[in-house]
Number of protein chains: 2
Amino acid sequence: MASNTQFAISLHVLTILAKSGDGLVKSEYIAKSVNTNAVVIRRLICNLQSADLVLSQKGATGGFRLAKHADKILLSDVYKAVVPGDAFALHRQKPSQKCPVGKNIESVLCHLQKVIDRAIDEKLVDYSLADVLESVETGQPITDLSAAA
Amino acid sequence: MASNTQFAISLHVLTILAKSGDGLVKSEYIAKSVNTNAVVIRRLICNLQSADLVLSQKGATGGFRLAKHADKILLSDVYKAVVPGDAFALHRQKPSQKCPVGKNIESVLCHLQKVIDRAIDEKLVDYSLADVLESVETGQPITDLSAAA
DNA sequence: CCATTTGTAACAAGGATAGTTACAGATGGA
DNA sequence: TCCATCTGTAACTATCCTTGTTACAAATGG
């Protein structure tokens, strides 16, 4: 179980921004919707800004908005921006180098990580934030392209 | 990151069992190779037994062995056996039901989870434990079928 | 019998994530 | 110019998850 909620919260935040168009949205408003603290939201949006997905404006009339149109923001971009690690974790302790399996298993696992990461990326590249917004607004499930084919 | 190493350790354990053929392997031996405690191994193998991947024998001459041949054990089976949750976590706190986005985002995220889980499963079904064992023994990277195609 | 091994419960330790408080810096408007 | 308001960020706490460890019952072959 991945305990990291950042991808989920990011999509929530971005959907709100997408819905708000060019208008600036305050962290306090977003926090209310997400049901958490405004600092958590600002901290998260920091990552989204580094990935050029969101812009901010400081000061009394400040807030956040998308850096580009929602159909130009792919879920694979979001995933890469906020999910740092890999699909599964490797050994905490280095395996015994005396055992022929322990000696070589790490590189195999490392390669497998990349295979899975690529599979996730190739799937998420098919969806944009605009798809998510549409799904949220219509209540219809997001189009599953693999099932459609 | 307190993330789950169970998939990685499971493949390590299963590879050792595959390499040992019909012979029984003790948890103490496996623990040495994985560089951890024998109880951790036994605890993990419990899950693998529930998934019909491993058999055990109690008593003085006991130990563990595979329940079927290594090329019949798919990595998707292993993943499902030991990775309980989903690819990413949902909100800890329920989003505000007053906000139109908060009200509907959960079902969209839930659906996305399934999409990603399916992508992982469809990728891992292409690899068997025999592939992992071969890769460990030859030192050659595991065949990447997506790249080959 | 008995040494040895699995199966399992119970608890401790470590690490990651989110929540909270506090405050500096920016900014638009009165 | 002053000030209310918002972002940016650091520091700390609380909580949860995973792993490591100890302990012991149950099984089993010799």
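Each chain gets a letter, A, B and so on, in the order the sequences are listed, and its residues count up from 1. For clarity, every value in this text was computed on a predicted model and none was experimentally measured.
Listed nucleotides: C/dT20, D/dT18, C/dT8. Nearest to the side chain of A/Asn37: C/dT20. Of the candidates D/dT7, C/dG19, C/dG7, the closest approach to any side-chain atom of B/Lys58 belongs to C/dG7. When the nucleotides C/dA18, D/dT7, C/dT8 are ranked by their closest atom to the side chain of B/Val39, C/dT8 comes out on top. When each of C/dA18, D/dT18, D/dG29 is scored by its nearest atom to the side-chain atoms of B/Arg92, the top-ranked nucleotide is C/dA18. In this structure, of D/dT19, C/dT8, C/dG28, it is D/dT19 that holds the atom nearest to the side chain of B/Gln6. Taking the side chain of A/Ala60 as heavy atoms from C-beta on, and the options D/dA4, C/dT6, D/dT21, the nearest nucleotide is D/dA4. Side-chain proximity of A/Val40 to the nucleotides C/dT6, D/dT7, C/dA18 is greatest for C/dA18. Among the nucleotides D/dT19, C/dG28, C/dT6, the one closest to the side chain of B/Asn4 is D/dT19. For A/Thr5, the side-chain atoms get nearest to C/dA18 when compared with the rest of D/dA23, C/dA18, D/dT9. Of the candidate nucleotides D/dG8, C/dG19, C/dT6, C/dG19 has the atom lying nearest to any side-chain atom of B/Gln93.
At C/dG7, one or more side-chain N or O atoms of B/Ser56 fall inside 4.0 Å of OP1 or OP2 (strictly under the cut-off). Remark: A/Ser27 is in phosphate contact with D/dT7, judged by side-chain N or O atoms under 4.0 Å from OP1 or OP2. At C/dA18, none of the side-chain N or O atoms of A/Thr36 fall inside 4.0 Å of OP1 or OP2 (strictly under the cut-off). Within the structure, a side-chain polar atom (N or O) of A/Gln49 is placed less than 4.0 Å from OP1 or OP2 of D/dG8.
The shortest heavy-atom contact between A/Arg65 and A/Gly21 is CB-O, 4.4 Å.
Here A/Lys80 pairs with A/Asp121 in a salt bridge; the nearest charged N to carboxylate O distance falls below 4.0 Å.
No continuous path of ILVMFWY side-chain contacts below 4.5 Å connects A/Leu74 to A/Leu129, so the two sit in separate hydrophobic clusters. A chain of hydrophobic side-chain contacts below 4.5 Å, direct or via other Ile, Leu, Val, Met, Phe, Trp or Tyr residues, connects B/Tyr79 to A/Ile105.
Nearer to the 5' terminus of DNA chain C, by closest-nucleotide assignment, is the contact made by B/Cys46 (compared with the other of A/Arg42 and B/Cys46).
With rounding to whole Å, A/Phe7 atom CZ is found 16 Å from C/dT17 atom P. Between the CG atom of B/Asn35 and the P atom of D/dT19 there is a distance of 14 Å, given to the nearest Å. Distance, A/Lys26 NZ to C/dG28 P: 14 Å, rounded to whole Å. The CD atom of A/Glu28 sits 15 Å away from the C1' atom of D/dG8 (whole-angstrom rounding). The interatomic distance linking B/Arg43 (CZ) with D/dT21 (C1') rounds to 9 Å, in whole Å. One can place CD1 of A/Ile30 at 13 Å from P of D/dC6, the figure rounded to the nearest angstrom. Straight-line distance from the CG atom of B/Leu44 to the C1' atom of C/dT6: 14 Å, rounded to whole Å. To the nearest angstrom, P of C/dT4 lies 17 Å from CD of B/Gln57.
Between the side chain of B/Ser33 and the backbone N or O of B/Ile30 there is no donor-acceptor pair closer than 3.5 Å.
Ring geometry for B/His12 against A/His91 counts as tilted: the plane angle lies between 30° and 60°, on a 0 to 90° scale.
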